[in-house]
Every structure is written in C-alpha cells, then in structure tokens.
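So the structure is just underneath, and the comments pick up after that.
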Number of protein chains: 2
Amino acid sequence: MRADARRNRDRLLAEAEAVFRERGSDASLEAVARRAGVAIGTLYGHFPTRKALLEALLRDRQDAVFRLGDRLRDADRTGAALAEWITAVTEHAATYRGLAAQLLGSLDDETSELNAACRRMSEAGQHLVARATAAGDIRPDTTADDVFALISAAAWLRDQVPPAQADRLLTYMIDGLARG
Amino acid sequence: MRADARRNRDRLLAEAEAVFRERGSDASLEAVARRAGVAIGTLYGHFPTRKALLEALLRDRQDAVFRLGDRLRDADRTGAALAEWITAVTEHAATYRGLAAQLLGSLDDETSELNAACRRMSEAGQHLVARATAAGDIRPDTTADDVFALISAAAWLRDQVPPAQADRLLTYMIDGLARG
DNA sequence: ACCTGAACACCGTTCAAGT
DNA sequence: ACCTGAACACCGTTCAAGT
C-alpha cells in the first residue's frame, strides 16, 4: 500500500471515529472526508460502504471483546459469566449512536461487512448460553439470538437515557433472563 | 378551515401514515407531499415539523391507550395491570420504525410537539408504578421513567426482530422488573 | 387564507480524468 | 495505484409570488 494511501486511510479512520462519536454512526460521510482533508472519492476508495468503514473502526475493540469471550468459556459460574459477557458486548455495541441497529441487522445479512463480526459474537454468546441453560442459570428456552437482541436493545438504551439508568435497566434485563 | 385545506390535510395524513409504515418515521417528507399530490410547502404549512405530523398521526391511537390507562388505574392485581400497560404502550410506540426514539427523546424536551403526549403516558405509568411498588409487585426502586425507557427499548426491538421473539423478550423485561 | 415551487444548503454515490 | 472533484439524484426547509 502506497504511503500516501496509508496516511489517508489512517486520517479517515481517525476523523470517522470522532465524527461518529459526535453525531452517531449515520453521520455525514462528506463531513468525514472533509475533516480528513481528502476528496469524497478517496473515502469511497478505501471504504466502499458505511458498514465497511464501521467494521474497520471496530476491529481493535472487537478483539478485546473476543478475548473476554475466550476467557469466560469455561467459567464455573455460568450465569455470572453470561452476565459479564452481555455487559461487555452492550458497551461495545453502544460505541456510536445507531451502531446497535446496524449490528443487529447485520447478524442475518450475509452481504453486510459487519456480518462476520456479528456471527463471531453470536457464536461466543451461543456457547455461554448453552452452558448457562445446562446449569439451569437462565430460562431454558433462551437462544443466542435472544441474547444478541437483548444486548442490542440495551446498547440502544445507552444512547437514549443517562448512564446510571441504562445500567440499572440492563440489570433488570439480565435478571429477566435468569427468571425461570 | 377552508374545504381545500381540510382535504389537503387529510390526504397528507393518509399518505404520511402509509409512507411511515413502509419506510419508518424518518421517511422523506417530499415523498409524502408527492404522494398526497401537494407541493412541499403545503405540507410544512399544515405541519411545521416532522414531530407535529407524527403527533397528529398518533392522536387517535393515543386516545385508546389513555382509555386503557384509566381502566387499569384501580385494578386489583397491580403487577398484571402494569404488565398490560407496558405491553399496550410498547405496541403503540412501535407503530412506525424510529418512533420509539422520538418518543423517548420527547419526554424531557418541552419544545417537542410530542412532549404532551409523552408526559400523559408517563403520568399514567407513574400511577401504575406507584401502586405496583406499594403492593411489592415490582422492584421498589423502579421509576416511571424506567418503565417508559423499557417500553421504548421493547418497541425498538419490535422493529428489529421477528414478532414472536420481540414478544418473548418483552416478557423477559417485564419479569426483570418484577424481580425484587 | 392557503398553495405553489423555486431557491438554498446539504448529502450519498459514481466515475472520467488526472498524477 | 491512487486521488480528485464534477455530476447526478435526492432531501429538508424557507419564502416570495400567486390564487
């Protein structure tokens, strides 16, 4: 990759991060290009879709989430492990306003650049759900899709209400999952 | 109100209803005006903001919700009454994609044309929450704002996942509220 | 009293032309 | 190999001019 291309790519990612944090993940791509000091076509050259740009932005953060998933795989307290997973992924999915909807919508959309990441997250959740149901820690009919959807709803809430309230409501949701 | 103005207003409401159902509550207002056969200025003349248009669209449906609120005011089983209220308002808030966010955001925004409706809904909820906490049917620290936020999250979910799953997750949330 | 539609500012996306 | 920016299609919102 040419040096100037690399530099443009890096600047685009940095400005996209800033703009998405300020205005949400549906913010203007023209604004991102403008702030990065490149033409709009350069943005499209590096990231053909908004989701491709989002995927690149989330890469590093996702790795941390997956490491947590690995660490929780064999935890003794399966209910607590699932709760910790849900809390971490909720925070991840609330990085930018509007991201939760994109992630939830990408789980079943194979054309989405976010699909692979969503599937990996869902599969990590799947394992934790299976262990928690086997241990009787959560409702027996719970699916990995349920957990992914609940996480998305909690992440959506984090963008709409004060953090303390969002945390409390997430606790309610997790408890609702536990109730048999 | 002049007869032609009345006719335009009615057509605008009918087409907005259709367009918002198809494309969500942030659909193009130009498309609404186009389908109603009037100029875009006519739409703005009748409804100065998108929220004003939404408010007019929701009026009838809201009345039904408030009647349910009145009916539940003195119910014996306060937990069940609150659950019924939550279910009904969730359905109401999921009428169009994107509406839940507008409603939740309008609760504390006095400049929003939806503010009055949100406050009325919140107050009806407030009474049911107070009765349910007094009876020990739900967590004692639950507020009317919590319930409104939970309803919004459930409504948001209804636009993202299949109805059966949304119903199941709403049950989880309501149970989470009940857990002491 | 109400309607029209041009005007302005803005955006998503593509692609021919440049370096 | 990559970048530029004009081009096209679309939208939100306002407001002078019409009826």
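Residue numbering restarts at 1 for every chain, and letters A, B, ... go by the order of the sequence lines. Note: hydrogens, waters and symmetry copies are ignored here, and every other heavy atom, side chains too, is used. Please read all numbers here as calculations on a predicted model, not as lab measurements.
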Any side-chain N or O of [X] less than 4.0 Å from the OP1 or OP2 oxygen of [N]?
X	N	answer
B:Arg34	D:dC11	yes
A:Asn8	D:dC2	no
A:His46	D:dC3	yes

Taking any heavy-atom pair under 4.0 Å as a contact, classify [X]: base, sugar-phosphate, or nothing.
X	value
A:Ser28	sugar-phosphate
A:Gly41	base
A:Arg6	nothing
A:Ala27	sugar-phosphate

For C:dG18, the Watson-Crick or wobble counterpart (both distances under 3.5 Å): D:dC2
For D:dC10, the Watson-Crick or wobble partner whose two distances fall under 3.5 Å: none
Roughly, in whole Å, what's the span from [atom1] in [X] to [atom2] in [N]?
X	N	atom1	atom2	value
B:Met1	C:dC3	CE	C1'	12 Å
A:Arg2	C:dT19	CZ	P	13 Å
B:Glu30	C:dT4	CD	P	14 Å
A:Leu53	C:dG12	CG	P	11 Å
B:Arg50	D:dC11	CZ	C1'	10 Å
A:Ile40	C:dC10	CD1	P	15 Å
B:Tyr44	C:dA1	OH	P	24 Å
B:Leu43	C:dC2	CG	P	15 Å

Proximal nucleotide (of [options]) relative to the [X] side chain:
X	options	result
B:Asp4	C:dC3, C:dC11, C:dG5	C:dC3
A:Thr42	D:dC2, D:dT4, D:dC11	D:dT4
A:Leu29	D:dC2, C:dA6, C:dT13	C:dT13

Minimum heavy-atom distance A:Ala33-A:Leu43, with the two atoms named: N-CD1, 4.0 Å
Sidechain-backbone polar pair: A:Ser122 side chain, A:Cys118 backbone, donor-acceptor under 3.5 Å: no
Polar side-chain atom of A:Glu84 near backbone of A:Leu72 as donor-acceptor pair, under 3.5 Å: no
Donor-acceptor side-chain pairing of B:Asp137 and B:Thr78 below 3.5 angstrom: yes
Pair A:Gln102, A:Tyr96: side-chain N/O donor-acceptor within cut-off below 3.5 Å: no
